[in-house]
*Asks:* 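Sharing a structure with you now.
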Amino acid sequence: MVVDYSGPNLAKEMHVGHLRSTIIGDAVVRVLESLGQTVIRQNHVGDWGTQFGMLIGELEAQLQHGDQAELALQDLEHFYQRAKKHFDEDPAFADLARQYVVRLQAGDEQVLRLWHKFREVSLAHCEEIYHLLNVSLTPEHIRGESFYNDDLPVLVEELKQQGLAQEDQGAQVVFLQELADKNGNPSPVIVQKKDGGYLYSTSDLAAVRFRIGTLGAQRIMVFSDARQALHMQQVYTVARKAGFAPENVRLEHCPFGTMMGADGKPFKTRTGGTVKLAELLDEAVERATAVIQGSGELSAEEKVEVARKVGIGAVKYADLSKTRTLDYVFNWDQMLSFEGNTGPYLQYAYTRIRSIFRKAGVEPTELSSTLTLVETQEKALALKLMQFGEIVEQVAQDAMPHLLCTYLYDLASLFMTFYEACPILKEGVDPATRNSRLLLSHQVAQTLRSGLDLLGIEVMEKM
RNA sequence: GCGCCCGUAGCUCAGCCGGAUAGAGCAACGGCCUUCUAAGCCGUGGGUCGGGGGUUCGAGUCCCUCCGGGCGCGCCA
């Protein structure tokens with residue numbers, strides 16, 4: 001199967017808008033792979049389009065001033081703003097930019113070289129973010145819009161020959177009766193602009209065809225914003241009609257809601273700007289550092305590592321634990337709290353168990369396999385442990401990681417209850433009971449670790 | 001205008017193919033540390049599941065309608 005997720009626009013720096021697709025998609029991919037599925041990741045990056053004419057023009061202008069490309073592109077956001085300003089204020093530059101778009105489309109070598117340079121720097125930035133986020137995407141998963149460029153004229157021609165696409169007001173349009181409204185008005189999908197250019201509908205269609213025809217996908221999952229629901233429906237409907245997608249191939253759009261600020265409006269900086277992902281993640285680690293400051297268990301070096309895992313884990317868990325399709329409110333204090341359904345709470349539950357083994361001086365492998373369930377807390381915990389498999393199956397089926405989060409939280413809560421009620425290493429606990437409870441605890445730790453790993457969240461031995 | 005999504009406790013959210021007195025966490029209040037991490041645990045109060053119809057033995061869940069909010073709808077992605 002093919003899973004399409006993350007897909008940032010390379011023209012700018014990654015921002016919070018890319019977060020949900022990236023971490024939800026990655027969690028689902030991990031879950032699918034854990035079940036033995038063959039998953040082909042596709043990072044459909046935005047590396048093509050009119051804005052690149054402007055960016056390449058700006059890059060060339062700066063290179064002519066003797067600047068190094070890496071340096072000029074060090075701050076992509078800033079570079080973009082500069083290019084935009086240049087474009088808006090200098091008509092000559094605007095013309096140049098438009099020419100570059102044409103030359104880029106035509107495969108002009110010099111322009112392509114600059115485009116490659118830009119793309120390379122921007123992708124390197126994405127790699128950094130993925131690494132920091134502990135997301136499994138690598139360069140080999142990149143398959144941007146540009147990849148489909150050559151196929152677009154071919155595809156449109158096919159649609160025309162099939163009688164699906166027809167000219168309307170100068171553009172090539174597919175009218176879908178399947179998606180008509182109550183009044184019978186068909187839903188229009190433009191596959192080629194009046195000026196001959198193509199749109200994302202076209203490259204998305206090409207992507208569907210490539211994924212099925214070349215990659216052999218039996219199931220395609222695309223993680224993108226819920227606002228693209230109509231667009232995805234259109235693409236899939238056209239793909240079916242055009243014969244790109246046979247009946248037996250599952251075409252799924254896995255939409256997600258918007259990340260909101262405390263004010264209930266889309267998450268922005270205090271000044272109303274877009275929040276850069278790099279800054280958000282830095283802040284997460286910073287805040288986590290403050291949170292674990294009081295820990296007496298950690299050395300200074302360990303704190304750095306733990307803060308990273310806790311901070312990043314908190315951001316990811318906060319997102320993953322909410323129903324995917326709904327908007328959710330981003331709240332630092334809540335996600336970094338050790339109370340409630342949070343990343344830190346689960347990581348803490350894990351370290352608490354590891355601490356027991358350290359204290360006991362016992363390795364899980366040394367335990368006898370005899371499990372004796374007597375107390376109600378022990379039984380409840382064991383019962384919960386057995387449900388892990390079916391929850392994972394369900395997440396794979398529905399692409400809903402929050403089901404796994406809810407499960408892990410329930411499991412951790414049951415463990416805490418068990419831990420309070422059932423002494424393990426205390427005096428007076430007979431060896432058999434001690435062994436059984438250690439075994440049970442170990443199973444919980446393993447399950448927490450596996451579950452968090454499927455979510456792309458790391459654990460630690462101490463915190 | 002047309003279409004999609006949402007409305008569950010003060011706040012943030014769960015509630016599998018409809019099934020028993022609707023669940024958590026924050027917040028509020030009250031308990032539990034001389035021994036396994038109190039970053040925890042136990043308990044109390046708090047909801048006409050937006051309103052109204054309908055289907056059903058049974059509806060937070062399915063259907064219709066109304067109210068309220070968000071988003072989308074031919075040449076951006």
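Note on naming: letters A, B, ... go to the chains in the order of the sequence lines (proteins, then strands), and numbering restarts at 1 for each one.
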*Asks:* Roughly, in whole Å, what's the span from CG in A/Asp410 to C1' in B/G23?
*Replies:*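 So the two atoms are 10 Å apart, to the nearest Å.
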*Asks:* NA contact type, A/Leu179, heavy-atom cut-off 4.0 Å: base, sugar-phosphate, or nothing?
*Replies:*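 Answer is nothing: A/Leu179 stays at 4.0 Å or more from every strand.
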*Asks:* Decide, for B/C26, between syn and anti: a glycosidic angle within 90° of 0 counts as syn, anything else as anti.
*Replies:*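 Anti.
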*Asks:* In whole Å, measure the gap between the P atoms of B/C26 and B/U44 for me.
*Replies:*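 Looking at atom P only, B/C26 and B/U44 are 15 Å apart.
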*Asks:* Please report, rounded to the nearest Å, how far the P atom of B/C2 is from the CD atom of A/Gln177.
*Replies:*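 The answer, rounded to whole Å, is 17 Å.
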*Asks:* Please tell me which of A/Pro188 and A/Asn183 maps to the more 5' nucleotide of RNA chain B, matching each residue to the nucleotide holding its nearest heavy atom.
*Replies:*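 This one resolves to A/Asn183.
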*Asks:* Cation over ring, A/Arg209 on A/Phe244, under 6.0 Å and within 45°?
*Replies:*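 Yes, a cation-pi geometry.
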*Asks:* Taking only the C1' atom of each, what is the distance from B/U61 to B/G19 in whole angstrom?
*Replies:*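 After rounding to an integer number of Å, I get 11 Å for this pair.
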*Asks:* Using only side-chain N and O atoms of A/His402, determine if any of them is under 4.0 Å from OP1 or OP2 of B/G15.
*Replies:*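 Checking A/His402 against B/G15: at least one side-chain N or O falls below 4.0 Å of OP1 or OP2.
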*Asks:* Taking atom C1' in both B/A22 and B/C5, compute the distance separating them and give it to the nearest angstrom.
*Replies:*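 B/A22 and B/C5 have their C1' atoms separated by 23 Å.
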*Asks:* Categorize A/His231 for me: base, sugar-phosphate, or nothing, with a 4.0 angstrom heavy-atom threshold over every strand shown.
*Replies:*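 No contact.
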*Asks:* Is the distance from OP1 or OP2 of B/C41 to the nearest side-chain N or O of A/Tyr345 less than 4.0 Å?
*Replies:*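 For A/Tyr345, the contact criterion (side-chain N or O under 4.0 Å from OP1 or OP2 of B/C41) is met.
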*Asks:* Considering every strand and a 4.0 Å limit on heavy-atom distances, what is the contact class for A/Ala171: base, sugar-phosphate, or nothing?
*Replies:*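 The answer is base, as A/Ala171 lies within the cut-off (heavy atoms under 4.0 Å) of a base atom.
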*Asks:* Does A/Ser6 form a side chain to side chain donor-acceptor pair (under 3.5 Å) with A/Tyr130? I'd like the steps, not just the answer.
*Replies:* CA-CA 10 Å; A/Ser6 195; A/Tyr130 293 148; 2.6 Å; yes
*Asks:* What is the base-pairing partner of B/U35, counting Watson-Crick and G-U wobble geometry with both distances under 3.5 Å?
*Replies:*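 Partner of B/U35: none.
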*Asks:* In whole Å, measure the gap between the P atoms of B/C41 and B/A27 for me.
*Replies:*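 Nearest-Å result for B/C41 against B/A27 at atom P: 13 Å.
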*Asks:* Identify whether any heavy atom of A/Ser337 sits under 4.0 Å from a base atom; if not, whether one sits that close to sugar-phosphate; answer base, sugar-phosphate or nothing.
*Replies:*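 If one applies the 4.0 Å heavy-atom cut-off, A/Ser337 turns out to touch nothing in the nucleic acid.
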*Asks:* How far apart are the closest heavy atoms of A/Phe223 and A/Ser21, and which atoms are they?
*Replies:*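 What the structure gives for the nearest pair is O-OG, 2.8 Å.
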*Asks:* Base, sugar-phosphate or nothing for A/Thr351? Non-hydrogen atoms, less than 4.0 Å.
*Replies:*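 Counting heavy atoms under 4.0 Å across all strands, the contact made by A/Thr351 includes a base.
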*Asks:* With both distances under 3.5 angstrom, what nucleotide forms a Watson-Crick or G-U wobble pair with B/C26?
*Replies:*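 Paired with B/G10.
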*Asks:* Mapping A/Arg324 and A/Leu425 to their closest nucleotides on RNA chain B, which lands nearer the 5' end?
*Replies:*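 Nearer the 5' end of the strand: A/Arg324.
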*Asks:* Hey, does A/Phe330 have a side-chain heavy atom less than 4.5 Å from the side chain of A/Leu280?
*Replies:*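 They are in contact (side-chain heavy atoms under 4.5 Å apart), so the answer is yes.
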*Asks:* What is the nucleic acid contact for A/Tyr409, judged by heavy atoms within less than 4.0 Å: base, sugar-phosphate only, or nothing?
*Replies:*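 Counting heavy atoms under 4.0 Å across all strands, the contact made by A/Tyr409 is with sugar-phosphate only.
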*Asks:* Rounded off to whole Å, could you give me the CG-to-P distance for the A/Asp327 and B/G70 pair?
*Replies:*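 Computing the A/Asp327:CG to B/G70:P distance gives 11 Å.
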*Asks:* If you only use heavy atoms from C-beta on, which nucleotide in B/G74, B/A14, B/A77 is closest to the side chain of A/Phe175?
*Replies:*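 Nearest to the side chain of A/Phe175 among the choices is B/G74.
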*Asks:* Go through B/G15, B/C75, B/G40 for me and flag the one nearest to the A/Met416 side chain.
*Replies:*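 Out of B/G15, B/C75, B/G40, the nucleotide with an atom closest to A/Met416's side chain is B/G40.
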*Asks:* What interatomic distance, in whole Å, is found between C1' of B/G50 and the corresponding atom of B/G70?
*Replies:*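 The same atom, C1', in both gives a distance of 15 Å.
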*Asks:* Any strand counts, and the cut-off is 3.5 Å on both contacts for Watson-Crick or G-U wobble. Which nucleotide pairs with B/C73?
*Replies:*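 B/G1 - that is the nucleotide pairing with B/C73, both distances being under 3.5 Å.
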*Asks:* Is the distance between the ring centroids of A/Phe418 and A/Phe415 under 6.0 Å?
*Replies:*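 Judged by ring-centre distance (under 6.0 Å), A/Phe418 and A/Phe415 do meet the cut-off.
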*Asks:* Give A/Gln169 one of three labels, base, sugar-phosphate or nothing, depending on what nucleic acid heavy atoms sit under 4.0 Å from its own.
*Replies:*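 Base contact - A/Gln169 has a heavy atom under 4.0 Å of at least one base atom.
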*Asks:* Rounded to whole Å, please give me the gap between CG in A/Asp398 and P in B/G15.
*Replies:*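 It is 11 Å, rounded to the nearest whole Å.
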*Asks:* Taking the P atom in each of B/C4 and B/G47, what is the distance between them to the nearest angstrom?
*Replies:*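 These two P atoms come out 35 Å apart once rounded.
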*Asks:* Could you tell me whether the side chain of A/Ser295 has a donor or acceptor atom within less than 3.5 Å of a complementary atom in the base of B/A39?
*Replies:*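 Indeed, a donor on one side and an acceptor on the other fall under 3.5 Å apart.
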*Asks:* Quantified in whole Å, what is the C1' atom distance between nucleotide B/C64 and nucleotide B/G23?
*Replies:*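 About 29 Å, rounded to a whole number of Å.
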*Asks:* As a quick check of understanding, evaluate salt bridge (Lys or Arg N to Asp or Glu O under 4.0 Å) for A/Glu301 and A/Arg308, giving each step before the final call.
*Replies:* CA-CA 11 Å; A/Glu301 303 82 67; A/Arg308 185 181 62 75; over 6 Å; no
*Asks:* Rounded to whole angstroms, how far apart are NZ on A/Lys194 and P on B/C76?
*Replies:*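 My rounded result for the distance is 11 Å.
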*Asks:* Answer yes or no on whether A/Arg143 is positioned over the face of A/Phe147, meaning its NZ or CZ is under 6.0 Å from the six-membered ring centre and within 45° of the axis.
*Replies:*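 Yes - A/Arg143 lies over the ring of A/Phe147, closer than 6.0 Å to its centre and within 45° of its axis.
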*Asks:* Can you tell me if A/Asp225 uses its side chain to pair, donor with acceptor, with the backbone of A/Arg227 under 3.5 Å?
*Replies:*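 Yes; at least one donor-acceptor contact below 3.5 Å.
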*Asks:* Need one value for A/Ile424: base, sugar-phosphate or nothing, where a base atom within 4.0 Å counts as base even if backbone is also close, heavy atoms only.
*Replies:*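 The residue A/Ile424 makes base contact.
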*Asks:* According to the Watson-Crick and G-U wobble definitions, with both distances under 3.5 Å, which nucleotide is paired to B/C17?
*Replies:*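 WC or wobble partner does not exist here.
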*Asks:* Has A/Tyr407 got a side-chain N or O lying under 4.0 Å from the OP1 or OP2 atom of B/A14?
*Replies:*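 It does not, given that no N or O in the side chain of A/Tyr407 lies less than 4.0 Å from OP1 or OP2 of B/A14.
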*Asks:* Whole angstroms only, please: what is the CD-C1' distance between A/Gln347 and B/U37?
*Replies:*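 Interatomic distance, CD of A/Gln347 to C1' of B/U37: 15 Å.
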*Asks:* At under 4.0 Å, does any side-chain N or O of A/Thr417 touch on OP1 or OP2 of B/C41?
*Replies:*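 No, A/Thr417 has no side-chain N/O under 4.0 Å of OP1/OP2 on B/C41.
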*Asks:* Could you check how far CG of A/Leu440 sits from C1' of B/C36, rounded to whole Å?
*Replies:*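 So the two atoms are 15 Å apart, to the nearest Å.
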*Asks:* Determine the interatomic distance between P on B/G7 and the same-named atom on B/G60; round to the nearest Å.
*Replies:*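 Straight-line distance between the two P atoms is 14 Å.
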*Asks:* Output yes when at least one side-chain N/O atom of A/Lys322 is less than 4.0 Å from OP1 or OP2 of B/U12, else no.
*Replies:*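 The answer is no; no side-chain N or O of A/Lys322 sits under 4.0 Å from OP1 or OP2.
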*Asks:* Do we see a donor-acceptor contact under 3.5 Å between the side chains of A/Ser321 and A/Asn341?
*Replies:*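 No.
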*Asks:* Nearest to the A/Leu199 side chain among B/C75, B/C36, B/A38, which nucleotide is it?
*Replies:*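 My answer, after comparing the listed nucleotides, is B/C75.
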*Asks:* Need one value for A/Lys182: base, sugar-phosphate or nothing, where a base atom within 4.0 Å counts as base even if backbone is also close, heavy atoms only.
*Replies:*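 Result for A/Lys182 = sugar-phosphate.
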*Asks:* Can you check the A/Lys462 NZ to B/A39 P distance for me, whole Å?
*Replies:*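 It works out to 17 Å between those atoms.
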*Asks:* State the syn/anti category of B/G53 according to its glycosidic angle, syn meaning within 90° of 0.
*Replies:*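 Chi for B/G53 falls in the anti range.
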